Amino acid sequence: MNLLIKSATVIDPNSSFHQKVVDILVEDGYITLIAPKINAKAEVVDGTGMFVSPGFFDLNCNIGELGLETKEDLQSGTKAAAAGGFTGVALMPNTQPPVHSKAEVEYLLNRAKNNLVDVYPLGAISHKRDGKDMAEMYDMFLSGAKAFTDGNRPVQDAGLMERSLLYTKGFGALIMSYPEDTAIAGKAKVHEGEMSTLLGMKGIPSLAEELMIARDLYLAEYTESKIHFSTISTTRSVELIREAKKKGLKVTCDVAAHHLLLTDEALAGFDSQYKVKPPLRTQSDVDALVTGLKDGTIDAIVSQHTPHEIEFKDVEFEVAEFGIIALQTAFSTALKAGLDVNLIVQKMAVKPREILNVEASIIIEGKKANLALLDPNSEWQYTKQNNQSKSHNSPFIGQNLKGKVVLVCNNNHLFKS
């Protein structure tokens, strides 16, 4: 594959070409030349007015394989990822069976070979994700798991979390915490506030998230371990992590793209496509999350891509499953939330790789071409026809969105939208 991107602005803080308008020549999967003007025999793509960045990396992606392939398999999931500008995804262990031993890690890595999108399975913290006994984390680490999480199940047992932090510290792996105190959250479906009262539904208090963050920060401080919080969503959560970083704790966190834009007011029509967890919060929470991204408190933006078959979403709100598909819309959502392209690249391409200790994708000569061409001004309609996922559970389907991923390139493969 030979590709020539013309007149695009590079956004890559690790590259000497950062913020420069250049031509980029890719030959056989490698960047062979970067210069103001290049003439070469290659497929030419005009990048005038566009940005070329390292491919995005998603720290929170759910793909049904193993066992739940009717929701999403690796083939459809990585196609959706590529369409959204992602060249790397960290897969949550929310499968059947869960990714709780080296067998599942090795299976997924083998299945994902020679793909445009690099796949990084995350191992479960506890056996079967049941929160009782530690899983075979060291074996999974040796097989390629970079971090450990129980996915969408919080680790309720403080002793188990403490032991896991201490254990993984010994071999340099990362524990990722989904912060929710289930005793407080209960079986509620929406954020506790004015909207839940108006809808007549029991709400999940912000306290359920904040209490778990406070607990795990204390445990990380006590064990002198690093910890990452997945999909924070409240004002106080941002404040707690900001305070912890000032104290010098080794803490990072991410936020789902939809939590930067949508509020619980979207639930007024009981549309189950807006049912996510953590639940959509208030405008003041959204504002705090955006501020947290801008001041460096929040390290990354994730898609939290969660596919479901129609029978799990096209039902009454109370019984519908949590989650939306979001790989293809994450970039547009972040733009609509008012974020600058430079900040988006930092939070969706650069920092996630640092957090997971994955080699940086740098736009320089001689490096493997792992990049995305972004047009923040292009408008497109998200439809069931151009949706690459097997599932269609997105509130954005049928809407006109701004901010298009024109192409992605990685592992000598090319995807063009």
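Quick caveat: nothing in here was measured; it's all calculated off a predicted structure. Quick note: numbers below take in every heavy atom, side chains included, and nothing from hydrogens, waters or symmetry partners.
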State whether the number of non-hydrogen atoms from other residues, nucleotides or ligands found under 6.0 Å of [X] atom [atom1] is greater than 12.
{"X": "Gln75", "atom1": "CD", "value": "no"}
{"X": "Gln283", "atom1": "CD", "value": "yes"}
{"X": "Gln19", "atom1": "CD", "value": "yes"}
{"X": "Lys189", "atom1": "NZ", "value": "yes"}
{"X": "Lys277", "atom1": "NZ", "value": "yes"}

Ring pair (Phe, Tyr, Trp, His ring centres under 6.0 Å), that's the test. Do Tyr138 and Phe171 meet it? Break it down for me.
CA-CA 8 Å; Tyr138 185 60; Phe171 50 92; 5.1 Å; yes

So which heavy atom on Val238 is nearest to which on Leu289, and how close?
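Closest pair (atom of Val238, atom of Leu289, distance): CG2-CD2, 3.8 Å.
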
Closest heavy-atom contact between Ala124 and His100?
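So the minimum-distance heavy-atom pair works out to CB-CB, 4.0 Å.
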
Mind jotting down which residue pairs meet the ring pair (Phe, Tyr, Trp, His ring centres under 6.0 Å) criterion with at least one end in residues 382-417? Sequence neighbours excluded, please.
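Only Trp380-Tyr382 qualify under ring pair (Phe, Tyr, Trp, His ring centres under 6.0 Å).
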
Give a yes or no on whether the backbone of [Y] and the side-chain of [X] come within a donor-acceptor separation of less than 3.5 Å.
{"X": "Ser225", "Y": "Thr223", "value": "yes"}
{"X": "Asn387", "Y": "Ser391", "value": "yes"}
{"X": "Asp150", "Y": "Ile125", "value": "yes"}
{"X": "Thr383", "Y": "Asn386", "value": "yes"}
{"X": "Asn410", "Y": "Leu116", "value": "yes"}

With sequence neighbours excluded, what pairs up with Pro121 under the side-chain contact (heavy atoms from CB on, under 4.5 Å) test?
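Val105, Leu108, Leu109, Val119.
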
Counterpart residues, side-chain contact (heavy atoms from CB on, under 4.5 Å), relative to Asp375 (two or more places apart)
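Scan of Asp375 (side-chain contact (heavy atoms from CB on, under 4.5 Å), adjacent residues dropped) gives Met50, Asn377, Ser378, Val406.
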
Which residue pairs pass the side chain to side chain donor-acceptor pair (under 3.5 Å) test when at least one of the two sits in residues 160-171, sequence neighbours left out?
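Qualifying pairs: none.
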
Is there a donor-acceptor contact under 3.5 Å linking the side chains of Asp58 and His305?
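No, His305 and Asp58 have no side-chain donor paired with an acceptor closer than 3.5 Å.
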
Basic-acidic side-chain contact under 4.0 Å: [X], [Y]:
{"X": "Glu65", "Y": "Arg111", "result": "yes"}
{"X": "Glu43", "Y": "Lys416", "result": "yes"}
{"X": "Arg215", "Y": "Glu210", "result": "no"}
{"X": "Glu359", "Y": "Arg353", "result": "no"}

Under a 4.5 Å cut-off applied to non-hydrogen side-chain atoms, are Leu122 and Leu91 in contact?
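Sidechains of Leu91 and Leu122: no contact.
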
Do Asn370 and Asp118 come within less than 4.5 Å of each other through their side chains, counting heavy atoms only?
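In contact.
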
With sequence neighbours left out, what residues match Arg242 under salt bridge (charged side-chain N to carboxylate O under 4.0 Å, His left out)?
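Arg242: salt bridge (charged side-chain N to carboxylate O under 4.0 Å, His left out) contacts with Asp295.
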
Using a 6.0 Å distance limit plus a 45 degree cone around the ring axis, check whether Lys368 lies over the aromatic ring of Tyr30.
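Cation-pi check for Lys368 and Tyr30: fails.
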
Cation over ring face, Lys347 and Phe56, 6.0 Å, 45°
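No, a cation-pi geometry is absent between Lys347 and Phe56.
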
So that I know where these two stand, are Phe317 and Tyr274 an aromatic pair - ring centroids less than 6.0 Å apart?
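Ring centres of Tyr274 and Phe317 not closer than 6.0 Å.
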
Partners passing side-chain hydrogen bond (donor to acceptor under 3.5 Å, both in side chains) against Lys336 (at least two apart in sequence or in another chain)
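Once residues adjacent in sequence are excluded, Lys336 has no partner under the side-chain hydrogen bond (donor to acceptor under 3.5 Å, both in side chains) criterion.
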
